[in-house]
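Step one of this worksheet: look at the structure below.
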Amino acid sequence: MQQVSLYALNDSQLGNYQQARMSRDQRFDGLFFVGVKTTGIFCRPVCKARMPLEKNVQYLRSAAHAIESGFRPCLLCRPDSAPYSCAWQGVNTTVERAITIITEQLDISIESVAQRLGISTRYLAKLFEQHLQISPKRFQLTQRILFAKQLLHETTLSIESVAQSAGFGSSKRLQYHMQQHIALSPSQVRKTKTHYPLKRSQHISLFLRYRPPYDWPAIRDFFALRQLHGNEIIDERSITKCMMINQYKVVFVAKHSANKCGFDVVLDLEDVRAIKPAMSHIRKLLDLDADPIAIASALASTGLPKALIKEGIRLPGIIDKFEGACRAVVGQQVSVKAAIGQLNLLNFMLNKRLDKESVQSKRAHNPALASDSAVEFASLQPFLRPNDVANADVSFLKMPNARKQSLSALATLLGNNPQATEEDWLAVKGIGPWTVNYVKLRHATLPDVFLHTDLIIKQQIKKLANDNIDIHSALAAPYRSYLTLNLWNNS
DNA sequence: GAATTCCCCTG
DNA sequence: CAGGTGATATTG
């Protein structure tokens, strides 16, 4: 432990890290970690424990690197509960995609990851070594351990279930690897006090953090204006939504907590192996891993006046690809209000699982109904599947016939091939770059999509130009999606 | 207020 | 490196 680890950071940003650590600045939470050489423990930069001396710390890029260097996670600040880092964003897209797959599906084999990326395991390992100085297998193991640790802290799940949820074959394997890598046993972790009361319930509750600032009203209102009845409920402090994760129906409630900088999430699901994918999807939906400092400076560099830049802006995600596709097509050239009206009509007419009476009475009664436990878990249903639309008559929709045909054709494409490429999408008549990019921004939540052909965007740019303000959108790279959203929100 | 947790110091 | 000390926040 005495020697400086291979994985320590030693770049020009060191001064910034030092400052962030000293001030316990929440905006840097999860972007790096602090290893304390004297104790062999690593912390989040916001840890409230006594401040270690500078000579005893080393800065680490990620929790994975810290564990790999032989540090164990702090039991006070719990590095497993930090927002995820995007430090490796933009470094290498293949590595990035691999990381996404591994963190969403903790039980996947590295062989299948390579297969899904269309490369050999040998090459995948080489890329990981090159960009992260860690092998894919070790990276996956650290993610499993950290997630298991989080579940042990925050839930009442049995150790066996925790092992399953984290991709370990058995509690024995979990026990072995935890002891080996973080010098803690599962029962030791379970014994430690959590910061959150453990409510006895058959539901699973977790706390998902973000780096402040977070403009909750903006993202909440964005979702509320586009609310899909029978599938999601948005109220003042929370969002409730139903989704599918590999055959399994999952309903969650995410309640914003501004003072704790995160969301209290309650999950209702049929299989514990869906917990991690559900959590990743919620993080995407609410854009919890964004780096607001980098985004704000990117926006400022475009020439957009400070008064018009919304602090803590986030990309409102769409979890389901087909839902994203439908929202995009239905939203072509029309107002948000008109689009969501047609989307609700589509879902209402074709979704066999939907209890139509309850949807209707809710709409008539109060569109912003407060989310109320068990009732919602039963009544909310996932959005339509592609085949529900592909094989249906959609003439009841109020939109140009050409657009209805595009919708059917896209549904057929996705029904036959969920992994259809961008080229496949563009080959569908009526699907152009705007639609594809809209889905990239909202579903894939790519951070660097600028919808320069969007009507509202063009309007906003023109309006600013009239006030002698020129926006250089290219300068917002690699965060142009946030520029798009900022301009939408200004309208 | 007790217990937990961390970090530094000492021998 | 084990064990003691003070510092600090959190929780029941």
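Just the heavy atoms: all of them, side chains too, but no hydrogens, waters or symmetry mates, feed the values below. Remember, it's a predicted structure, so these values are computed and weren't measured experimentally. Throughout, protein chains are lettered first and strands after them, A, B, ... in sequence-line order, and every chain is numbered starting at 1.
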Give the rounded distance in Å between these two atoms: [atom1] of [X] and [atom2] of [N].
{"X": "L184(A)", "N": "dC6(B)", "atom1": "CG", "atom2": "C1'", "answer": "14 Å"}
{"X": "M51(A)", "N": "dC8(B)", "atom1": "CE", "atom2": "C1'", "answer": "15 Å"}
{"X": "I182(A)", "N": "dT5(B)", "atom1": "CD1", "atom2": "C1'", "answer": "16 Å"}
{"X": "R50(A)", "N": "dG6(C)", "atom1": "CZ", "atom2": "P", "answer": "11 Å"}
{"X": "R21(A)", "N": "dC6(B)", "atom1": "CZ", "atom2": "P", "answer": "16 Å"}
{"X": "H153(A)", "N": "dT5(B)", "atom1": "NE2", "atom2": "C1'", "answer": "12 Å"}
{"X": "L75(A)", "N": "dT10(C)", "atom1": "CG", "atom2": "P", "answer": "16 Å"}
{"X": "R24(A)", "N": "dA7(C)", "atom1": "CZ", "atom2": "C1'", "answer": "11 Å"}

Phosphate-side-chain proximity, T38(A) and dC7(B), N/O vs OP1/OP2 below 4.0 Å: no
message: With a 4.0 Å cutoff (strictly under), does any side-chain N or O of N56(A) reach OP1 or OP2 of dC8(B)?
response: yes
- request: Take the angle between the ring planes of F263(A) and Y210(A) and call it parallel below 30°, perpendicular above 60°, tilted in between.
  value: perpendicular
- prompt: Where does the angle between the aromatic ring planes of F42(A) and F71(A) fall among parallel (under 30°), tilted (30 to 60°) and perpendicular (over 60°)?
  reply: perpendicular
message: A cation-pi test, strictly: NZ or CZ of R226(A) under 6.0 Å from the centre of the six-membered ring of F222(A) and no more than 45 degrees from its axis. Yes or no?
response: yes
Taking the side chain of [X] as heavy atoms from C-beta outward, which of [options] is closest to it?
{"X": "K48(A)", "options": "dG6(C), dT5(B), dT10(C)", "result": "dT10(C)"}
{"X": "L53(A)", "options": "dT10(C), dT5(B), dC8(B)", "result": "dC8(B)"}
{"X": "I41(A)", "options": "dT5(B), dC7(B), dC8(B)", "result": "dC7(B)"}

message: If the threshold is 4.0 Å, N to carboxylate O, is there a salt bridge linking D25(A) and R211(A)?
response: no
- line: Across every strand shown, the nucleotide meeting Watson-Crick or G-U wobble geometry with dC7(B) (both distances under 3.5 Å) is none
- prompt: When all nucleic acid strands are considered with a 4.0 Å heavy-atom cut-off, which category describes R72(A): base, sugar-phosphate, or nothing?
  reply: sugar-phosphate
message: Does C47(A) reach a base, just sugar-phosphate, or nothing at all? Heavy atoms under 4.0 Å.
response: nothing
query: If you measure only the distance, is there a donor-acceptor pair under 3.5 Å linking the side chains of T121(A) and E111(A)?
result: no
